[in-house]
Visitor: 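Let me give you the structure first, and then I'll get to my questions.
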Amino acid sequence: MTRTDTTSTSPRHLCVMNAGSSSLKFGVYLPDEGLKLRMSGAVEGIGGAARLRIVAAGGQETHTGQHTVPDHAAALRVLEGLEDGPLARGSLMAFGHRVVHGGAEHDAPVRVDEEALRRIEALSSLAPLHNPPAVAVIRELMRLFPDIPQVACFDTAFHRSHPAVADRFAIPDALYQEGVRRYGFHGLSYEFIAGALGEDAPEIALGRVVVAHLGSGASMCALAGGRSVDSSMGFTALDGLPMGTRSGSLDAGVILWLQQQKHWSVDQVEEFLYQDCGLKGLSGVSNDMRELLASTAPLAHLAVEYFVYHVARMAGALAASMGGIDGFVFTAGIGERSPEIRARVLRRLSWLGFSIDEAANRNGGPKLTRPDSRLPAYVIPTDEELVIARHTQALVQPRPATALV
Ligand code: ADP
């Protein structure tokens with residue numbers, strides 16, 4: 001069923017969608033008010049009894065509930081039925097989507113038509129856990145709102161500027177041509193940070209900056225002059241740092257051993273690498289950094305130290321990628337909220353020239369280093385949804401071309 005309601009009095013808005021394997025997060029932005037956030041929310045637990053929660057920009061809860069939601073299309077139908085929810089018709093201008101994998105061909109967001117959606121769908125083999133929910137959401141929105149434009153923003157696009165040495169594995173070229181490359185992820189977050197540096201850390205904005213996006217998924221990026229030149233993540237979001245439940249870099253021989261000696265199937269290995277490793281696997285306690293920091297279990301201590309060690313080790317590697325380093329930025333859940341992890345990483349990086357300002361770090365920065373520190377470090381909160389809203393606005397409301405004189 002499609003409807004057009006021209007009587008709505010609510011302001012024009014863009015709706016940003018972020019589809020995860022069992023969740024659908026969304027945000028509503030007002031393009032006529034500088035992309036102010038109007039509301040945000042999520043449907044979580046898709047595949048069964050799901051929880052809906054929507055919060056207005058001021059923080060007050062406007063919608064909550066439990067619904068039986070078998071899939072992402074059903075989640076959209078729940079949202080469509082809400083009065084003054086994210087899919088309120090009439091004032092809806094466009095949808096912007098986070099799509100994890102854009103493959104080698106997408107170095108920028110695209111407006112989605114049938115052909116573009118077909119190409120995104122074809123990339124699902126590269127990201128079988130991540131792209132299908134976004135494709136399902138786009139397809140259902142095309143059906144429900146055939147006249148509303150949709151824009152896909154890729155987590156890989158920002159890293160397409162990598163040089164060949166950072167874009168390849170040491171495997172035959174034929175596999176590279178088939179798409180087995182180091183794509184890099186969290187690109188929307190790094191794009192936000194690259195844009196924010198000019199205001200938040202102007203002295204390093206054009207320099208060589210290592211950015212650590214430390215959330216339940218974690219990666220790091222080498223930013224040179226605001227462009228990504230290397231990343232800790234490669235072919236999939238399994239590579240690089242240890243994460244909440246993902247292993248991070250693992251000798252490929254371990255996977256052969258699991259298959260040969262323990263006779264694990266491909267599905268078992270996949271479930272293991274994505275769900276049972278990382279902080280959770282190593283500690284045996286939790287995937288949540290807060291619980292590990294509060295725990296007295298020796299393996300919880302080891303898991304935290306392992307995480308800190310690998311963030312610092314990767315910082316050295318990415319500094320080498322750029323031939324030096326001018327600054328460091330922490331972002332995402334752990335990076336933004338854990339003074340202890342920031343302090344432990346920066347202490348390990350003192351050999352590079354970072355002298356932590358302990359009080360500033362405890363107070364949340366934004367600058368974390370002392371005035372006499374040779375190099376500065378910052379904490380900058382990321383906002384991937386705002387990056388998607390900006391791209392969506394730019395693609396559906398292109399600025400008038402300036403006449404060339
Ligand atoms: P996602 O990758 O799911 O977007 P976030 O960036 O929101 O994740 O980060 C979530 C993680 O941040 C949680 O799993 C938790 O480990 C960590 N975290 C959140 N708050 C704190 C805190 N105060 N101290 C330490 N870790 C925290």
Side-chain angles (χ1 to χ4, degrees), residues 16-27 40-46 51 53 55 97-101 127 129-130 133-134 153 155 184-193 196 211-221 231-233 236-248 274-295 297 299-301 303-308 310-311 329-346 361-365 368 379-388:
V16 168
M17 295 268 167
N18 182 354
S21 56
S22 65
S23 68
L24 178 61
K25 296 184 188 150
F26 46 84
S40 61
V43 180
E44 287 179 320
I46 295 174
R51 297 165 307 284
R53 183 164 187 261
V55 178
H97 298 273
R98 177 181 183 206
V99 178
V100 168
H101 216 305
L129 301 182
H130 292 104
C153 301
D155 259 319
F185 297 88
H186 291 136
L188 297 164
S189 175
Y190 295 124
E191 186 177 345
F192 179 86
I193 299 295
V211 185
H213 176 109
L214 308 178
S216 51
S219 75
M220 291 168 68
C221 179
S231 157
S232 65
M233 275 183 174
T236 67
L238 274 178
D239 203 6
L241 302 176
M243 305 175 222
T245 60
R246 287 174 246 163
S247 60
Y274 278 96
Q275 304 297 342
D276 299 333
C277 292
L279 298 175
K280 177 183 161 194
L282 183 50
S283 70
V285 171
S286 172
N287 61 327
D288 191 317
M289 185 59 86
R290 284 164 292 199
E291 286 179 38
L292 296 177
L293 287 168
S295 170
L299 282 175
H301 281 249
V304 175
E305 190 54 20
Y306 185 92
F307 183 81
V308 168
H310 279 276
V311 172
V329 174
F330 292 92
T331 194
I334 300 172
E336 291 169 27
R337 295 190 208 105
S338 179
E340 174 159 0
I341 298 296
R342 292 195 300 256
R344 286 168 66 170
V345 169
L346 287 177
N361 179 43
R362 272 194 305 279
N363 294 330
L368 304 170
V379 53
I380 301 178
T382 194
D383 194 341
E384 291 145 296
E385 286 75 19
L386 182 58
V387 174
I388 297 171

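Here the structure is a predicted model, which is why all the values come from computation and not from measurement. Hydrogens, waters and symmetry mates play no part in the numbers below; they use all other heavy atoms, side chains included. First listed ligand is number 1; within each ligand, the first listed atom is number 1.
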Visitor: Could you walk me through whether E44 and S22 pass the side-chain hydrogen bond (donor to acceptor under 3.5 Å, both in side chains) check?
Guide: CA-CA 6 Å; E44 287 179 320; S22 65; over 6 Å; no

Visitor: Can you classify the ring geometry of H310 versus Y306 as parallel (below 30°), tilted (30 to 60°) or perpendicular (above 60°)?
Guide: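 H310 and Y306: tilted rings.
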
Visitor: Is the shortest side-chain heavy-atom distance between H213 and E384 below 4.5 Å?
Guide: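 Yes, close enough: below the 4.5 Å cut-off.
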
Visitor: Is there a side-chain contact between L279 and M289 in this structure, where contact means two heavy atoms from C-beta onward sitting under 4.5 Å apart?
Guide: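 The answer is yes, as the side chains (C-beta and beyond) meet within the 4.5 Å cut-off.
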
Visitor: Any idea which residues sit under 4.0 Å from ligand 1, heavy-atom distances?
Guide: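 Only G215, S216, G217, D288, M289, R290, A332, G333, I334, R337, S338 have heavy atoms that fall under 4.0 Å of ligand 1, ordered by chain and number.
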
Visitor: Using the side-chain hydrogen bond (donor to acceptor under 3.5 Å, both in side chains) rule, pick out the option among T382, T331, D383 that qualifies with S189.
Guide: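 It is T382, the one option of T382, T331, D383 that forms the side-chain hydrogen bond (donor to acceptor under 3.5 Å, both in side chains) with S189.
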
Visitor: Using every non-hydrogen atom in the two residues, find where A332 and G215 come nearest and quote the distance to one decimal.
Guide: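 In this case the closest contact between A332 and G215 is CB-N, 3.8 Å.
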
